[in-house]
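Note that the structure is a prediction, hence the values are computed from the model and not measured.
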Amino acid sequence: MNEIEHIYIYGFSFSPVDEPYIDKIISHIDKEKVHWTISYYSDEDQQKIQAYMQSRKISPDLWELIKLEDIQMYKQQRLF
């Protein structure tokens with residue numbers, strides 16, 4: 001997994017049940033280089049994601065959050 005450059009996470013709430021899976025991914029990548037795009041649904045989800053990424057010492061320059069609603073709108077626009 002050391003060739004991975006970008007990770008996309010859609011639909012996770014970053015609740016305790018999600019964390020072991022994400023921790024496992026982090027343990028197999030170069031967290032100093034991999035870029036992340038992470039979706040969120042609510043402001044609460046956004047805060048949990050930010051807290052998680054900070055607790056794992058992943059630089060804010062390497063991750064971006066995108067509202068799940070925006071992804072759905074983009075998909076709908078492409079259908080028409």
Side-chain angles (χ1 to χ4, degrees):
M1 291 180 58
N2 56 354
E3 294 180 22
I4 291 177
E5 296 177 3
H6 206 118
I7 293 174
Y8 299 88
I9 298 179
Y10 301 116
F12 278 39
S13 65
F14 280 71
S15 65
V17 72
D18 295 327
E19 291 181 10
Y21 299 102
I22 303 165
D23 286 342
K24 188 69 170 180
I25 291 168
I26 291 171
S27 73
H28 291 289
I29 64 169
D30 183 349
K31 70 179 191 176
E32 306 282 326
K33 295 181 180 176
V34 174
H35 294 267
W36 300 70
T37 300
I38 306 167
S39 74
Y40 68 95
Y41 179 74
S42 68
D43 292 340
E44 182 182 339
D45 291 341
Q46 184 179 18
Q47 292 170 0
K48 284 193 284 187
I49 294 165
Q50 290 170 337
Y52 176 87
M53 298 300 274
Q54 290 168 354
S55 73
R56 298 322 189 263
K57 296 183 175 31
I58 298 175
S59 171
D61 294 337
L62 293 176
W63 51 273
E64 67 176 316
L65 303 180
I66 183 167
K67 194 158 185 144
L68 192 56
E69 180 179 288
D70 293 339
I71 296 169
Q72 293 169 340
M73 290 172 61
Y74 174 76
K75 182 180 175 186
Q76 288 176 353
Q77 289 174 353
R78 292 188 65 201
L79 293 175
F80 298 106

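Distance check: Y10 OH to I66 CD1 gives 6.5 Å after rounding to the nearest 0.5 Å. Rounded to the nearest 0.5 Å, atoms CD1 (I49) and CD (E44) are 11.0 Å apart. Expressed to the nearest 0.5 Å, how far CD1 of I25 lies from CD1 of I9 amounts to 6.0 Å. We find the CG-CE distance between L65 and M53 to be 8.0 Å, quoted to the nearest 0.5 Å.
In terms of the salt bridge (Lys or Arg N to Asp or Glu O under 4.0 Å) criterion, residue partners of D23 (sequence neighbours excluded) are, by chain and number, R56. Considering only residues two or more places apart in sequence or on other chains, K33 meets the side chain to side chain contact (heavy atoms under 4.5 Å, CB included) condition with D30. Residues forming a side-chain hydrogen bond (donor to acceptor under 3.5 Å, both in side chains) with T37 (at least two apart in sequence, or on another chain): H6, E64. In terms of the side chain to side chain contact (heavy atoms under 4.5 Å, CB included) criterion, residue partners of S13 (sequence neighbours excluded) are, by chain and number, S15, D18, D45, K48.
Across every non-hydrogen atom of G11 and S39, the tightest pair is N-OG, 3.0 Å. Between I4 and V34, the shortest heavy-atom contact is O-CG2, 3.4 Å.
Each ring pair (Phe, Tyr, Trp, His ring centres under 6.0 Å) pair with one or both residues in residues 26-65, not counting sequence neighbours, appears once here: F14-Y52.
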### Task
Please report the C-alpha distance between Q46 and K67 in whole Å, then the side-chain angles of each, then the deciding distance to 0.1 Å, and finally whether the side-chain contact (heavy atoms from CB on, under 4.5 Å) criterion is met.
CA-CA 9 Å; Q46 184 179 18; K67 194 158 185 144; over 6 Å; no
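The 12-atom threshold is not exceeded at OH of Y21, counting heavy atoms of other residues, nucleotides or ligands nearer than 6.0 Å.
In this structure, I7 and I29 have side chains that are in contact, with non-hydrogen atoms separated by less than 4.5 Å.
Side-chain heavy atoms closer than 4.5 Å link hydrophobic residues (I, L, V, M, F, W, Y) into clusters, and following such links, even through other members, never connects V17 to F12.
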